[in-house]
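Right, one structure below, let's go through it.
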Amino acid sequence: MKIVKKTSELEVLVSLFKELGLKIGLVPTMGALHNGHASLVKKAVAENDVVIVSVFVNPTQFNNKNDLATYPRTVEADCALLESLGANIAFTPTVEQIYPYPDTRQFDFTPLDKVMEGPMRPGHFNGVAQVVSRLFDIAQPNKAYFGEKDYQQLAIIREMVRQFNYPIEIVGCPIIREADGMALSSRNTLLSAKERQIAVRISQTLAKSQSLLKEKSVKELQQWVIDEINKGGELEVEYYEIVNGTTLQPISSWNDCDNPVGCITVYCGKVRLIDNIQYKK
Ligand code: PAF
């Protein structure tokens with residue numbers, strides 16, 4: 001595996017791959033890699049001739065300076081893992097390599113970016129679109145891989161590809177969970193052992209809510225999930241929305257759509273965790 005730090009170096013390699021007619025898979029990450037990322041890389045390795053994994057903590061998607069400063073960074077371990085998974089290139093650029101000049105582009109993904117994480121993290125999805133479009137332009141992948149844990153992000157990236165006609169197939173990959181159900185996340189490393197034990201209530205409550213779908217209205221189920229997670233006072237739900245899985249707009253009846261998704265954000269101490277459930281009707 002080659003570690004590439006310079007955009008110009010990656011561009012030269014990419015044009016060579018293109019000349020050779022090789023299919024390129026891209027896995028964009030912010031590092032602190034775990035088995036969730038590993039599942040994306042494995043899929044990419046199975047489906048492409050060349051796999052590029054970017055490891056870049058993108059400052060433009062953080063609306064909170066402290067969150068950016070404390071975001072876990074483990075680039076050496078990340079590269080070792082990527083090599084063992086069969087990735088061909090780890091792209092580990094500096095901020096200047098991705099943004100040689102300030103990125104002032106403003107994206108509009110209405111209505112997808114006007115709900116849930118949108119108002120909670122102003123500018124977040126604009127920053128995600130900035131970095132992902134830069135990575136698409138540099139790596140020119142045939143396929144790009146994203147996790148379904150960031151359900152809203154995945155919908156927005158699909159919309160960006162549609163709006164800008166990128167000739168790229170977006171591959172969504174299922175959430176990978178610990179044995180107890182906790183969704184894998186780089187942010188889990190910021191939890192104390194005690195917090196980690198408490199945080200499992202998020203995924204367990206979501207899983208339980210599936211069995212109550214037939215007996216509760218959307219509003220009742222939404223409130224039940226919030227109350228279950230908040231009880232005890234150790235966790236604090238920021239939002240729990242049950243939305244149409246395509247438009248991301250809140251639904252009021254189970255008949256409103258075929259693919260209802262429950263999206264949640266919860267504070268466990270200072271750590272902000274997200275998860276979701278794709279309900280089966
Ligand atoms: O999901 C992430 O880790 C990031 O938002 C992404 C897509 C790598 C862009 O920085």
Side-chain angles (χ1 to χ4, degrees), residues 4 7 10 25-41 43-44 51-64 67-75 77-79 81-82 85 87 89-99 103 105 107 109 112-113 116-118 120-139 141 143-161 164 166 168-176 183-190 248 263 265 271-276:
V4 175
T7 296
L10 185 57
L26 172 70
V27 185
T29 82
M30 296 208 297
L33 303 181
H34 49 67
N35 278 338
H37 297 108
S39 74
L40 308 187
V41 176
K43 196 165 169 58
V51 171
I52 301 171
V53 182
S54 59
V55 176
F56 177 66
V57 181
N58 172 37
T60 73
Q61 71 187 75
F62 285 82
N63 57 321
N64 176 323
D67 196 17
L68 173 61
T70 57
Y71 198 84
R73 287 162 169 89
T74 58
V75 70
D78 293 344
C79 288
L81 176 69
L82 293 176
L85 293 168
I89 294 177
F91 180 44
T92 61
T94 58
V95 173
E96 292 69 32
Q97 287 293 316
I98 292 291
Y99 302 115
D103 193 337
R105 290 174 299 161
F107 295 82
F109 303 113
L112 301 176
D113 55 353
M116 301 191 288
E117 295 294 278
M120 290 298 166
R121 304 180 70 188
H124 168 67
F125 288 123
N126 202 64
V128 169
Q130 287 175 341
V131 73
V132 172
S133 62
R134 278 289 286 145
L135 292 169
F136 284 177
D137 292 339
I138 298 164
K143 293 185 179 192
Y145 298 77
F146 298 88
E148 286 177 352
K149 188 166 86 63
D150 294 295
Y151 192 90
Q152 189 173 8
Q153 168 175 282
L154 177 57
I156 284 174
I157 289 168
R158 288 190 197 285
E159 173 61 13
M160 182 178 81
V161 164
F164 296 96
Y166 276 108
I168 300 172
E169 182 186 333
I170 300 301
V171 183
C173 303
I175 299 176
I176 303 295
L184 292 191
S185 163
S186 305
R187 288 173 197 267
N188 294 356
T189 60
L190 302 174
L248 304 188
C263 296
T265 299
V271 186
R272 189 173 185 271
L273 298 168
I274 68 170
D275 200 346
N276 65 72

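Fair warning: this is a prediction, and the values are worked out from it, not measured in the lab. Remember, it's 1-based here, ligands and their atoms both numbered in the order they're listed.
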For side-chain contact (heavy atoms from CB on, under 4.5 Å), just list the numbers for Tyr145 and Val41, CA-CA rounded to whole Å, side-chain angles, deciding distance to a tenth of an Å, and then say yes or no.
-> CA-CA 8 Å; Tyr145 298 77; Val41 176; over 6 Å; no

Is there a side-chain contact between Gln152 and Phe125 (heavy atoms, below 4.5 Å)?
-> yes

Report, as yes or no, whether the 6.0 Å neighbourhood of atom CG on Asn35 holds more than 12 heavy atoms from other residues, nucleotides or ligands.
-> no

Is it true that atom NZ of Lys143 has more than 12 heavy atoms of other residues, nucleotides or ligands lying nearer than 6.0 Å?
-> yes

Please produce the table of protein N or O atoms sitting under 3.5 Å from N or O atoms belonging to ligand 1, one pair a line, distance to 0.1 Å.
{"residue": "ligand 1", "atom": "1 (O)", "partner": "Gln153", "partner atom": "NE2", "Å": "2.8"}
{"residue": "ligand 1", "atom": "5 (O)", "partner": "Gln61", "partner atom": "NE2", "Å": "2.9"}
{"residue": "ligand 1", "atom": "5 (O)", "partner": "Gln153", "partner atom": "OE1", "Å": "2.7"}
{"residue": "ligand 1", "atom": "10 (O)", "partner": "Gln61", "partner atom": "OE1", "Å": "2.6"}

Specify whether Phe107 and Phe109 have parallel, tilted or perpendicular ring planes, treating 30° as the upper limit for parallel and 60° as the lower limit for perpendicular.
-> parallel

Do you know which of His37, Met30, Arg73 makes side-chain contact (heavy atoms from CB on, under 4.5 Å) with Ser186?
-> His37

